[in-house]
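Take a look at the structure below.
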Amino acid sequence: MKMKKILTLAATFTLAFSITACGGNSGTPAAEAPAENPPATETPAENTETVELKPEEGAKLIVWESRDERAYTDEIAKEFTEKYGVEVTIEELSPTDQVTKLAQDGPSGLAADIVLFPHDNLGKAVTTNLVLPNDVFEEKTKSSNTEAAIQGVSYDGVLYGYPRAAETYLMYYNKDLVKEVPTTMEEVIEFSKTFTDKNKNKYGFMFETGNLYFAYPFLASNGGYIFGSGGTDVNDIGLNNEGAVKSMEVYASLKEILPVKSGDITPDIKRGLFTSGDLAMDINGPWELGGYKEALGDKLGVAPIPAIGGQPAVSFSGIKAWYVSSFTKYPQAARLFADFATTKEAQLKLSALVGSVPTNIEAQEDDQIKNDEYVSAFTEQFKSSQPMPSVPEMANVWSPVGAALSEIWDNDKDIKETLDKAVTQVKDLNSGGGGE
């Protein structure tokens with residue numbers, strides 16, 4: 001997604017949903033932490049609320065950042081160097097690849113000091129001792145950011161991340177094509193019947209039907225869920241319950257106005273159709289905002305995802321955050337950078353450059369955010385979102401459920417039976433059975 005491209009809060013952004021901090025055991029004993037790097041695992045003895053943390057003598061930092069958000073990090077790095085005298089090198093790497101890359105390159109000293117990834121990767125990072133707790137700036141981080149952001153970047157009750165942005169998706173639409181914005185999926189179907197023409201490659205509505213990230217509203221809006229207890233109870237899987245089946249019946253009904261195989265609906269295809277005026281409504285995330293604004297200008301509209309089965313659409317959300325590598329030679333300088341790069345000012349800069357949604361409470365109240373019709377719309381959708389589970393077992397969910405979605409969409413398979421099969425596969429994978 002871009003999510004895995006793959007890619008949500010108090011104040012005007014107070015979340016209506018309630019979630020619990022991600023649970024589970026650390027999995028790997030503390031004694032197995034990298035032995036060659038003891039300074040990085042130590043907690044500074046001084047109270048840094050009253051004593052300013054300083055970078056190590058001769059500290060140099062490497063930061064991993066996505067290509068799409070490089071402009072923001074370039075500016076932040078320059079400001080950080082000017083303030084602290086610490087040289088910062090930025091290397092481009094997709095956030096979804098960074099945990100794996102850190103595990104590979106960290107022990108040899110080739111990895112970044114500060115890494116960036118969505119919170120659903122946190123369980124894997126923590127259980128393999130790849131990142132340090134956010135201990136020095138813990139209280140500052142907790143008081144500055146929304147509760148959902150803090151819970152998203154915590155694991156087993158410990159804060160690890162320095163949140164910088166919230167991500168979910170909503171409905172983009174072309175104002176020239178859509179005069180009355182649909183508020184329900186029934187209205188989406190009604191409009192699309194007048195617009196969709198497969199022979200002319202024109203569609204009223206489109207989303208990645210085989211991608212669990214974007215299809216989650218069609219599982220969750222009427223009571224379905226991945227794991228119970230706020231995403232932490234892997235023995236409680238709600239992907240095939242009565243509510244999930246009800247939402248998926250709406251999902252299946254959309255095939256009438258989107259007669260395209262799931263494998264043929266890709267980000268590039270949707271982007272091309274939408275920017276050329278051949279797609280009226282697109283479910284997508286903030287990473288497309290800049291390009292869509294450039295292509296459509298004042299014609300670009302944004303709205304919450306239409307209701308599903310009579311209930312508000314529940315999208316997936318993620319918290320993107322900085323983390324300090326447990327392999328860093330300069331843990332103090334790295335902590336300083338992670339904090340410096342997630343302040344109110346830094347988050348507003350990121351939002352201005354790439355259209356991200358801040359997690360900082362004061363930033364959310366800033367006129368820059370409140371007066372931005374696009375960012376504020378993501379804020380509204382986020383109120384109806386649920387965070388992706390961050391337990392390691394979440395990795396076992398994507399493939400079986402994605403396959404089930406494709407089977408239902410492409411081959412008209414029975415919804416309940418197909419979801420039951422997917423849940424069985426997830427349980428097998430969770431227990432080490434490997435599934436079918």
Side-chain angles (χ1 to χ4, degrees), residues 3 8 15-20 22-23 120 148 151 168-171 182-189 205 207-256 258 262 283 304-318 380-391 393-394 396-409 412-427 429-430:
M3 123 220 118
T8 293
L15 292 182
F17 61 87
S18 175
I19 57 176
T20 58
C22 301
D120 61 310
Q151 292 176 344
T168 192
Y169 40 92
L170 45 57
M171 186 174 75
T183 59
T184 68
M185 285 297 165
E186 289 76 16
E187 292 175 358
V188 167
I189 293 174
F205 177 78
F207 67 104
E208 292 181 51
T209 60
N211 186 333
L212 170 59
Y213 180 70
F214 290 106
Y216 188 66
F218 296 98
L219 287 162
S221 298
N222 287 276
Y225 54 89
I226 306 288
F227 299 131
S229 299
T232 64
D233 185 355
V234 300
N235 296 311
D236 177 11
I237 300 177
L239 290 166
N240 59 339
N241 66 16
E242 183 178 349
V245 172
K246 180 178 180 179
S247 294
M248 284 298 293
E249 290 173 349
V250 179
Y251 168 92
S253 72
L254 291 168
K255 291 184 292 183
E256 177 185 6
L258 183 53
S262 58
I283 301 299
I305 300 170
I308 297 172
Q311 297 298 320
V314 177
S315 56
F316 248 157
S317 60
E380 286 304 309
Q381 178 60 50
F382 217 97
K383 294 178 181 178
S384 296
S385 71
Q386 291 177 358
M388 293 179 287
S390 63
V391 292
E393 288 83 358
M394 184 60 194
N396 298 330
V397 176
W398 298 105
S399 181
V401 178
L405 291 168
S406 295
E407 283 287 281
I408 293 168
W409 186 268
D412 296 315
K413 294 291 186 178
D414 181 83
I415 292 173
K416 183 65 166 66
E417 290 180 4
T418 306
L419 293 178
D420 286 346
K421 180 179 178 181
V423 168
T424 297
Q425 291 175 326
V426 172
K427 289 180 177 178
L429 289 168
N430 287 350

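Sequence positions, counted from 1, serve as the residue numbers for this chain.
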Residue pair Q381 / A313: nearest heavy atoms and the distance that separates them: NE2-O, 3.3 Å

Under 3.5 Å donor-acceptor, N430 side chain and N235 backbone: no

Side chains of V245 and N240 in contact at under 4.5 Å (non-hydrogen atoms): no

Heavy atoms of other groups near K413 NZ, more than 12 under 6.0 Å: no

Donor + acceptor pair across side chains of S221, S247 (<3.5 Å): no

Parallel, tilted or perpendicular, as decided by the 30° and 60° cut-offs, for the rings of F207 and Y251: perpendicular

Contact summary for L212 and V397, nearest pair of heavy atoms: CD2-CG1, 3.7 Å

Over 12 foreign heavy atoms within 6.0 Å of CD, E187: yes

Side-chain (N241) to main-chain (G223) donor-acceptor, under 3.5 angstrom: yes

Between T168 and S385: side-chain donor-acceptor atoms closer than 3.5 Å: no

Result of checking Y216, F214, Y169 against F316 for ring pair (Phe, Tyr, Trp, His ring centres under 6.0 Å): Y216

Distance-minimising heavy-atom pair for I189 and S253: CD1-OG, 3.7 Å

Whether T184 side chain and P306 backbone form a donor-acceptor pair below 3.5 Å: no

L405 and T209, any side-chain heavy atoms less than 4.5 Å apart: no

4.5 Å side-chain heavy-atom contact, I305 and M185: yes

